[in-house]
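Notes to accompany the following structure.
Keep in mind the model is a prediction, meaning the values are calculated, not measured. The chains referred to below are lettered A, B, ... by the order of the sequence lines, with proteins before strands, and numbering in each begins at 1.
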Amino acid sequence: MRTMENRHFIRTIIEEDLRNKKHDVPVTRFPPEPNGFLHLGHARAIVMNHSLAKEYGGRFHLRFDDTNPVTEDALFVEGMKADIAWLGCHWDALYFASDYFETMYQRAMVLVKKGKAYVCDLTPEAIKETRGDLKNPGENSPYRERSIAENVRLFEGMRRGEYADGARVLRAKIDMASPNMNMRDPIIYRIQRGHHHNTGDAWCIYPMYDFAHPLEDAIEGITHSLCSLEFEDHRPLYDWFVKHCEMENIPRQIEFGKLLIANQITGKRHIRRLVEAGHVDGWDDPRLITLSGLRRRGVPPQAIHQFIKALGLPKSQGETDITMFYETVRDYLGLHARRVHAIINPVKVVITNYPEGQTETLDAPFHRDDETLGSRPVPFGRELYIERDDFIEHKPNKKWKRLALGEEVRLMHAYFIKAHDVIKDDQGIIQAIHCTYDKATRSGSGFNDRKPNGTIHFVEASHATPIEIRLFDELLKRDVDPDAPIETRIDPQSKRVVHGYLEAHATPHQGEAFQFTRLGYFAVDKDSDDQNIIVNRVVELKSSYKPKPGQK
RNA sequence: UGGGCUAUGGCCAAGUGGUUAAGGCAUCGGACUUUGACUCCGACAUCGGUGGUUCGAAUCCACCUAGCCCAGCCA
């Protein structure tokens with residue numbers, strides 16, 4: 001999977017255009033509206049636009065499509081820039097649609113002067129009523145045949161703020177009977193007073209998406225304007241504006257299928273509600289697939305690239321299971337993450353034949369297959385912690401490859417130990433396991449006389465660092481009605497907090513995902529500080545171990 | 001008989017008339033293993049349906065079926 005990348009139709013189109021010398025290099029763009037947060041689904045558009053441009057020596061623009069001041073905020077601009085930069089999709093240029101307001105106004109005036117646009121005084125309700133519906137054509141606005149001179153005067157008046165919000169609009173004069181609703185004299189400009197994050201109060205008219213977007217692309221010299229499927233029937237309009245506004249550069253809009261992830265929340269309204277109700281811990285809750293959530297969780301951006309490329313860029317609209325994403329994360333981290341020992345459900349082991357008060361230091365590589373990652377000292381001593389699940393009093397069958405009374409296992413990077421006895425409390429809960437170790441079996445000594453009953457990991461008790469561990473599972477339950485209110489679908493067990501121990505010299509860096517040997521990948525959370533180390537579980541390790549029912 | 005689009009194994013997805021229909025995930029066997037991980041072997045589809053064109057079709061044509069999008073002064 002690592003090197004797999006699906007070929008896709010847009011790549012074919014670009015290569016053809018380059019071969020035919022239609023363009024020297026491709027120029028693409030990611031055009032978000034700064035009104036929310038980016039999520040995994042957006043990553044497809046970001047990564048694809050970026051990589052397509054870069055792979056063919058072209059340019060990638062980041063452009064904020066800020067044509068609606070009432071929904072947009074500079075806060076979102078900064079958040080999106082941070083997310084995109086984190087992804088490593090560096091933009092060659094940063095633009096704002098609002099930078100083009102003057103040009104757009106002038107081009108709209110071109111339309112007016114050509115008789116291709118008119119000022120319409122119909123109320124919003126009247127416009128809706130005269131638009132017709134899916135089966136019936138619309139009817140012409142009574143203002144449709146205004147003279148060019150009057151239209152020029154009124155449009156200038158709109159710009160000067162002479163009319164109230166919503167009093168008039170500028171409309172393209174196309175065809176009220178078109179079977180394509182988008183062509184029924186679409187609105188180009190509306191009057192809307194509101195403070196714009198970029199242009200302040202300089203404008204009281206704002207261009208609509210269908211008009212603004214093609215002009216933005218043309219102005220920037222975008223060659224391939226990628227967007228999602230729902231804009232497919234806007235394409236005739238896109239082309240109409242480029243043509244009649246007499247734009248020099250002719251961009252081509254190409255639609256692809258959005259990346260949908262099954263059983264995940266991506267809607268702004270929904271997330272906001274969950275945040276406000278305290279069901280999740282902010283927009284960057286690690287259970288969310290917002291880019292900030294994934295980053296906080298510890299997902300490396302390279303894994304996101306790998307995931308996007310493995311899926312390709314189809315024209316059909318599928319729904320991908322999140323487990324495929326987790327698999328990609330594992331795949332990437334398996335190759336690159338440092339390995340370290342930690343215990344998330346500890347039980348004490350006492351090595352009865354090891355001197356009291358004494359410890360020694362062993363050396364362990366951070367990654368068995370990548371020596372460039374180096375190694376760290378691992379303390380070993382009389383008292384250790386191992387996973388409670390790695391011990392059972394009586395070995396149930398030959399498949400049990402862990403510790404049991406009378407069985408000998410290898411402690412990874414240390415010695416073989418053999419269990420002899422257990423100490424239990426009043427409830428019968430095991431408090432300690434008494435073992436002996438064999439000095440001759442030291443890791444790296446080449447000892448090969450006996451085969452242990454498996455290999456488990458440990459942390460030496462006196463040097464162990466207590467840590468808080470946040471275990472995440474899918475936020476939404478799978479076995480409930482997907483149409484039920486989201487609040488009722490939340491799995492209260494999707495976040496569990498436990499306390500365990502981390503080996504002494506792990507030196508985890510903030511944001512770095514590393515492997516807790518045999519357990520999974522974990523990363524230090526932003527809530528962490530020097531006193532309290534808090535880690536998030538990024539993903540579990542795969543396991544082919546299938547305990548029989550009733551057996552651990 | 002409004003328009004536009006899509007349909008390939010449990011999931012994702014190549015394929016644009018001509019070998020046994022790529023590949024990934026998942027699954028099931030097996031090998032290896034100082035992570036029951038990784039790695040490695042092996043198994044796993046006649047392409048929504050029907051009819052047609054053709055020596056030959058997932059690829060062309062016709063009809064049918066299913067799903068998605070469009071009636072914001074949102075993007």
Side-chain angles (χ1 to χ4, degrees), chain A residues 1-9 12 31-33 35 65 67-68 70-72 120 122-124 127-129 131-138 165-171 177-184 186-192 205-206 208-210 212-213 227-236 255 257 259 262 307 310-321 323-328 330-331 334-335 339 341 364-365 368-369 399-402 409-414 416 441 443-444 452 454-457 515-520 540-547:
Chain A
M1 177 210 268
R2 264 158 217 142
T3 55
M4 285 312 124
E5 174 167 358
N6 272 315
R7 199 176 165 79
H8 54 77
F9 75 109
T12 306
E33 182 187 18
N35 69 346
D65 206 359
T67 57
N68 187 351
V70 314
T71 59
E72 295 153 9
C120 181
L122 252 24
T123 63
I127 288 181
K128 183 178 166 65
E129 281 161 20
R131 183 149 34 218
D133 59 30
L134 299 181
K135 292 253 165 66
N136 302 297
D165 283 17
R168 293 189 221 263
V169 291
L170 183 70
R171 292 229 253 172
S178 173
N180 182 344
M181 300 289 293
N182 299 115
M183 302 300 272
R184 321 245 262 224
I187 293 169
I188 299 177
Y189 267 94
R190 77 280 208 181
I191 302 171
Q192 191 171 62
I205 58 172
Y206 291 92
M208 298 288 290
Y209 169 85
D210 280 316
H213 209 85
C227 65
S228 45
L229 257 21
E230 68 265 32
F231 292 104
E232 207 147 16
D233 47 17
H234 291 240
R235 197 189 329 134
E255 309 84 15
L259 172 55
F307 176 62
L311 294 180
L313 198 51
K315 175 109 190 214
S316 57
Q317 185 65 79
E319 197 177 43
T320 301
D321 197 284
T323 56
M324 205 180 291
F325 175 64
Y326 292 144
E327 182 51 34
T328 313
R330 249 182 235 117
D331 190 59
L335 240 33
R339 275 105 234 251
H341 293 172
R368 195 187 143 182
D369 303 318
K399 293 264 198 178
W400 178 262
K401 292 298 179 191
R402 306 182 190 183
V409 297
R410 182 198 305 276
L411 289 180
M412 201 185 296
H413 305 310
F416 288 13
T441 60
S443 178
T455 300
I456 66 172
H457 62 102
Q515 188 192 96
F516 283 179
T517 304
R518 302 205 307 132
L519 299 175
E540 287 184 274
L541 236 35
K542 260 199 296 202
S543 174
S544 59
Y545 175 59
K546 300 175 205 74

Distances for protein N or O near nucleotides 2-6 of chain B N or O, under 3.5 Å:
from  : atom 1 : to     : atom 2 : distance (Å)
B:rG2 : N9     : A:L134 : O      : 3.1
B:rG2 : N2     : A:P179 : O      : 3.1
B:rG2 : N3     : A:L134 : O      : 3.2
B:rG3 : N2     : A:D233 : OD2    : 2.8

N/O contacts under 3.5 Å, protein versus nucleotides 26-28 of chain B?
from   : atom 1 : to     : atom 2 : distance (Å)
B:rA26 : OP1    : A:E327 : OE1    : 3.0
B:rA26 : OP1    : A:K542 : NZ     : 3.3

- Could you work out the separation of B:rC61 and B:rU53 based on their C1' atoms and round it to a whole Å? 7 Å
- Message: On RNA chain B, does the nearest nucleotide to A:P31 precede the nearest nucleotide to A:K128 from the 5' side, or the other way round? Give the residue.
- Response: A:K128
- Check whether the side chain of A:S443 and the base of B:rU34 form a donor-acceptor pair under 3.5 Å. yes
- Message: Roughly how many Å apart are B:rG4 and B:rC64, using the P atom of each and rounding to a whole number?
- Response: 15 Å
- Query: Which is true for A:R131 with a 4.0 Å heavy-atom rule: it touches a base, it touches only sugar-phosphate, or it touches nothing?
  - Reply: sugar-phosphate
- Query: Which of parallel (below 30°), tilted (30 to 60°) and perpendicular (above 60°) describes A:W400 and A:Y545?
  - Reply: perpendicular
- Task: For the side chain of A:H8, starting at C-beta, report the closest nucleotide among B:rA14, B:rG72, B:rA37.
- Result: B:rA14
- Distance between P atoms of B:rU59 and B:rG49 (Å, rounded): 10 Å
- Query: Base, sugar-phosphate, or nothing: which does A:I127 touch, judged by heavy atoms less than 4.0 Å apart?
  - Reply: base
- Out of B:rC12, B:rU34, B:rC74, minimum distance to the side chain of A:Q192 belongs to B:rC74
- Message: Strictly below 4.0 Å: does A:R368 bring a side-chain N or O up to OP1 or OP2 of B:rU33?
- Response: no
- For the side chain of A:M324, starting at C-beta, report the closest nucleotide among B:rA75, B:rU34, B:rC12. B:rC12
- Message: Would you measure the distance from the C1' atom in B:rA71 across to the matching atom in B:rG3 and give it in whole Å?
- Response: 12 Å
- Separation of the C1' atoms in B:rA45 and B:rA62, to the nearest angstrom: 26 Å
- Just call it for A:P314: base, sugar-phosphate, or nothing, with non-hydrogen atoms closer than 4.0 Å on any strand. sugar-phosphate
